Amino acid sequence: MPLVTMKEVLKESIEGKYAVGAFDSLDRVFTEAIINAAEKKGVPVILMVVPPCIEGPDSERFMEYVVTRCRESSVPVAVHLDHSPSFENCARGIHLGCTSVMFDGSALPYEENVAITKKVVEMAHAAGVTVEAEIGHVSGHEGNMLDGNIADESAFTTVEEAMQFYQDTQVDCLAVAIGTVHGVYKGEPHLDLDRLQAIRDELPIPVVIHGGSGLKEKDYKELVAHGANKINFFTTMTLAASEAVRKLLAEHDKLTMTDIIEVGQKAAEDIVSEHIEIFGTKPLTK
Ligand code: 13P
């Protein structure tokens with residue numbers, strides 16, 4: 001089954017009322033965990049890489065592996081560049097095989113976010129690649145993933161902003177701020193589900209929720225019921241893998257590196273499988 005665009009992966013999600021999981025991978029271990037989980041469930045998935053994956057000296061080799069693994073997968077997979085900070089970085093992602101890119105101008109003034117997003121859309125669409133952008137701002141992408149974050153209500157997305165931004169840029173899917181945070185939560189999450197529903201009711205494209213980690217099963221189900229179509233997810237997966245490795249090391253004196261990698265990968269795969277199930281992801285019908 002092919003490597004596809006994010007638009008293709010999400011094309012039945014609005015009508016089907018489900019979300020596709022978008023999981024970040026910075027290495028081979030998580031890439032295998034994510035693709036293996038989706039293959040076992042028989043559903044599409046979005047494999048996300050982050051800017052450092054496409055920048056370093058090893059980036060070409062790493063991306064060649066990621067793209068090949070996804071192309072050879074038994075389920076549809078989009079390789080998506082998450083939180084790209086610039087037009088040039090998006091171009092590099094496309095050059096290295098991403099079928100989808102996110103330009104994140106959510107911290108920029110509206111006009112600047114629109115201007116760069118429009119340029120990215122023009123370039124990406126010419127290359128057959130789809131684009132995500134963000135309006136409003138999901139807190140916690142400022143490097144304090146494990147310290148805990150609080151959602152900033154003043155940066156929540158309004159329906160009017162979402163519609164205007166879509167009309168101004170023609171993005172293929174849109175990330176909105178409705179109460180989730182990147183990384184772990186400080187205190188209890190408060191999701192503005194009415195806001196999400198109101199955006200879903202107006203916007204003709206898939207709605208993306210960033211900061212998927214740290215919610216309860218019922219929260220995810222409510223997010224999906226109120227219109228989330230793509231849920232970005234990382235922190236829970238990486239914490240589960242490191243916890244599994246910590247436990248293994250505490251219990252055994254003699255271990256090989258292979259033992260450690262296997263246990264970390266298995267823990268990540270289990271978390272991905274569990275969340276694919278919770279998000280209600282379905283196979284594409286056509
Ligand atoms: P979490 O790490 O909170 O799951 O967020 C991931 C994310 O939104 C990546 O874009």
Side-chain angles (χ1 to χ4, degrees), residues 6 9-10 19-27 30-31 33-34 37 45-54 78-85 89-90 93 98 100-107 130-152 155-157 171-191 196 206-217 219-220 223-224 228-243 267-276 278-279 281:
M6 185 163 57
V9 163
L10 294 176
V20 177
F23 303 94
D24 287 294
S25 173
L26 282 73
D27 51 51
F30 274 23
T31 302
I34 294 161
V45 75
I46 298 165
L47 188 289
M48 302 199 291
V49 293
V50 291
C53 301
I54 62 160
V79 176
H80 175 76
L81 175 60
D82 197 19
H83 290 289
S84 178
N89 187 260
C90 287
C98 292
S100 173
V101 292
M102 176 203 192
F103 169 67
D104 182 1
S106 62
T130 49
V131 179
E132 171 183 331
E134 178 169 330
I135 192 71
H137 181 68
V138 178
S139 308
H141 196 63
E142 290 82 21
N144 51 352
M145 187 177 96
L146 300 182
D147 289 342
N149 291 294
I150 299 170
D152 173 7
F156 282 9
T157 313
V171 284
D172 301 289
C173 62
L174 187 62
V176 298
I178 54 101
T180 56
V181 300
H182 288 108
V184 299
Y185 286 83
K186 209 173 247 172
E188 285 297 305
H190 297 288
L191 305 178
L196 176 60
V207 169
V208 182
I209 296 296
H210 280 245
S213 293
L215 300 173
K216 299 197 168 69
E217 182 169 341
D219 296 322
Y220 293 115
L223 282 175
V224 173
N229 304 111
K230 168 178 181 265
I231 300 181
N232 283 22
F233 193 91
F234 178 65
T235 303
T236 299
M237 185 174 48
T238 198
L239 291 178
S242 42
E243 187 51 39
E269 185 182 322
D270 288 349
I271 290 285
V272 173
S273 286
E274 188 189 318
H275 286 80
I276 285 175
I278 294 172
F279 300 163
T281 315

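Whatever order the structure lists ligands and atoms in, that order sets their numbers, starting from 1. Given the structure is predicted, the values throughout are model-derived calculations rather than measurements.
- Between F233 and ligand 1, not a single N/O pair is under 3.5 Å apart.
- Side-chain atoms of S139 and N149 form no donor-acceptor pair, as typed in the model, at a separation below 3.5 Å.
- Among I271, I231, I276, the one residue that satisfies the side-chain contact (heavy atoms from CB on, under 4.5 Å) test with F23 is I276.
- Close approach to T235 involves these atoms of ligand 1, each under 4.0 Å from a residue heavy atom: 1 (P), 2 (O), 3 (O), 4 (O).
- Within the 4.0 Å heavy-atom shell around ligand 1 one finds V181.
- The ligand atoms of ligand 1 that sit less than 4.0 angstrom from a heavy atom of H210 are 8 (O), 10 (O).
- The shortest N/O to N/O separation between G183 and ligand 1 falls below 3.5 Å.
- Contact check for T238 versus F30: side-chain heavy atoms found under the 4.5 Å cut-off.
- Contact annotation: for D82 versus ligand 1, heavy atoms closer than 4.0 Å belong to the side chain alone.
- Ligand-side atoms of ligand 1 in range of H182: 3 (O), 5 (O), 7 (C), 8 (O), 10 (O), range being under 4.0 angstrom from any heavy atom.
- Looking at S84 and V101, their side chains never come closer than 4.5 Å, going by heavy atoms from C-beta outward.
- Close approach of ligand 1 to H83 is summarised as follows: ligand atoms under 4.0 Å from at least one heavy atom of the residue are 10 (O).
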Could you walk me through whether K230 and V20 pass side chain to side chain contact (heavy atoms under 4.5 Å, CB included), step by step?
-> CA-CA 5 Å; K230 168 178 181 265; V20 177; 5.6 Å; no

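- Between the side chain of S213 and the main chain of T236, a donor-acceptor pair closer than 3.5 Å is present.
- For atom 1 (P) of ligand 1, the nearest non-hydrogen atom from the set S213, G140, A22, G214 comes from S213.
- With hydrogens and angles ignored, the 3.5 Å screen pairs no side-chain donor or acceptor of N232 with any backbone N or O of G212.
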